[in-house]
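This report refers to the structure that appears directly beneath it.
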Amino acid sequence: MHNAITIIRDEHRSIASVLKGLLDHIAKVRAGTEEADFALFTAMFDYIEAVPEKVHHPKENDYLFRLLRQRDPEAAAILDVLEAQHEEGGELLEALRRKLGAWRDGGSFEAFDQALTAYAEFTWDHMGKEENLVIPRAEKSLTLDDWDVINTAFAANRGSAW
Ligand SMILES: [Fe+2]
């Protein structure tokens, strides 16, 4: 197992637990058993913006996906989808912040609730595609030199934000 794969899977698990925390809280708010904790939502969105959006996805694009495109041209179709989803994820996060603000200011709870659930499903599906479709292809076709480059890039995550 290459270090970068372990790190990517760990980072995906961290993202998944943040999403689970958000969904657990919104479910309790929906059920009326907890007061909405707007600071919690904001802190979790700040985390997603600071780490997955600014560190994790760009490293996938710039190292893993870039080298895989060179070694396995047939991977282009799935990598195009995933890179587009990296862009879309940033837009969805901005939309979530707007919907959170609207709800807090007296607007629709349902709009935020639905957008949050859709965002979690979008992100889980995205990470599943990376783990089930991209990593196996990368393990087959990348060279040891490629992995050195990718491992170094991902290991650098560990010292700072992660
Ligand atoms: Fe990704």
Side-chain angles (χ1 to χ4, degrees), residues 1-27 40-100 111-162:
M1 175 74 70
H2 301 285
N3 281 345
I5 296 175
T6 308
I7 294 171
I8 288 169
R9 290 203 173 124
D10 281 355
E11 291 179 355
H12 283 176
R13 270 196 289 273
S14 301
I15 295 166
S17 44
V18 168
L19 293 172
K20 188 173 179 307
L22 286 164
L23 291 185
D24 284 350
H25 181 53
I26 200 81
L40 177 78
F41 284 119
T42 301
M44 287 187 171
F45 294 159
D46 287 348
Y47 161 82
I48 294 170
E49 192 171 320
V51 186
E53 290 293 328
K54 290 222 167 70
V55 182
H56 174 84
H57 301 325
K59 284 192 180 180
E60 288 173 338
N61 289 351
D62 295 347
Y63 296 93
L64 180 65
F65 294 2
R66 179 177 60 81
L67 290 166
L68 185 56
R69 282 177 189 280
Q70 291 173 14
R71 304 290 174 211
D72 178 7
E74 288 180 12
I78 184 65
L79 296 177
D80 288 349
V81 168
L82 293 170
E83 286 186 13
Q85 287 184 336
H86 285 167
E87 291 288 316
E88 194 185 346
E91 289 156 19
L92 291 174
L93 184 61
E94 280 178 34
L96 273 179
R97 287 190 189 273
R98 282 196 301 276
K99 288 181 171 144
L100 177 67
F112 176 72
D113 186 16
Q114 283 169 14
L116 184 63
T117 303
Y119 178 77
E121 281 167 7
F122 167 89
T123 306
W124 279 320
D125 169 76
H126 171 83
M127 296 191 297
K129 285 191 172 86
E130 288 173 339
E131 294 194 20
N132 299 323
L133 302 178
V134 170
I135 288 176
R137 296 189 84 116
E139 285 180 303
K140 245 185 240 159
S141 53
L142 295 184
T143 67
L144 287 176
D145 284 349
D146 293 337
W147 283 114
D148 276 348
V149 171
I150 297 166
N151 289 338
T152 302
F154 275 90
N157 293 7
R158 289 284 160 110
S160 54
W162 294 84

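Indexing begins at 1, ligand by ligand and atom by atom, following the structure's order. Note: hydrogens, waters and symmetry copies are ignored here, and every other heavy atom, side chains too, is used. Numbers for residues simply follow the sequence, beginning at 1.
Sorted by first and then second residue, the side chain to side chain donor-acceptor pair (under 3.5 Å) pairs involving residues 133-144 (not counting sequence neighbours) are D72-R137, T143-D146.
In terms of distance to the Fe ion (ligand 1), the nearest N, O or S atom of H126 is named NE2. The Fe ion (ligand 1) is closest to atom OE1 of E60 (considering only N, O or S atoms).
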List the atom pairs, with distances to 0.1 Å, where a side-chain N or O of residues 93-100 and a protein N or O form a donor-acceptor pair under 3.5 Å, not counting sequence neighbours.
unit_1 : atom_1 : unit_2 : atom_2 : d
R97    : NE     : E49    : OE1    : 3.2
R97    : NH1    : D46    : OD1    : 3.0
R97    : NH2    : F45    : O      : 3.4
R97    : NH2    : D46    : OD1    : 2.8
R97    : NH2    : E49    : OE1    : 2.8

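Comment: K59 does not engage E11 in a salt bridge, judged by the lack of any side-chain N to carboxylate O separation of less than 4.0 angstrom.
Shown are L79, I78, L82; of these, the side chain to side chain contact (heavy atoms under 4.5 Å, CB included) with E130 is made only by L82.
Taking the Fe ion (ligand 1) as the apex, the angle formed with NE2 of H86 and OE2 of E130 is 110°, to the nearest 10 degrees.
For the Fe ion (ligand 1), the N/O/S atoms of H56 include none lying under 2.8 Å.
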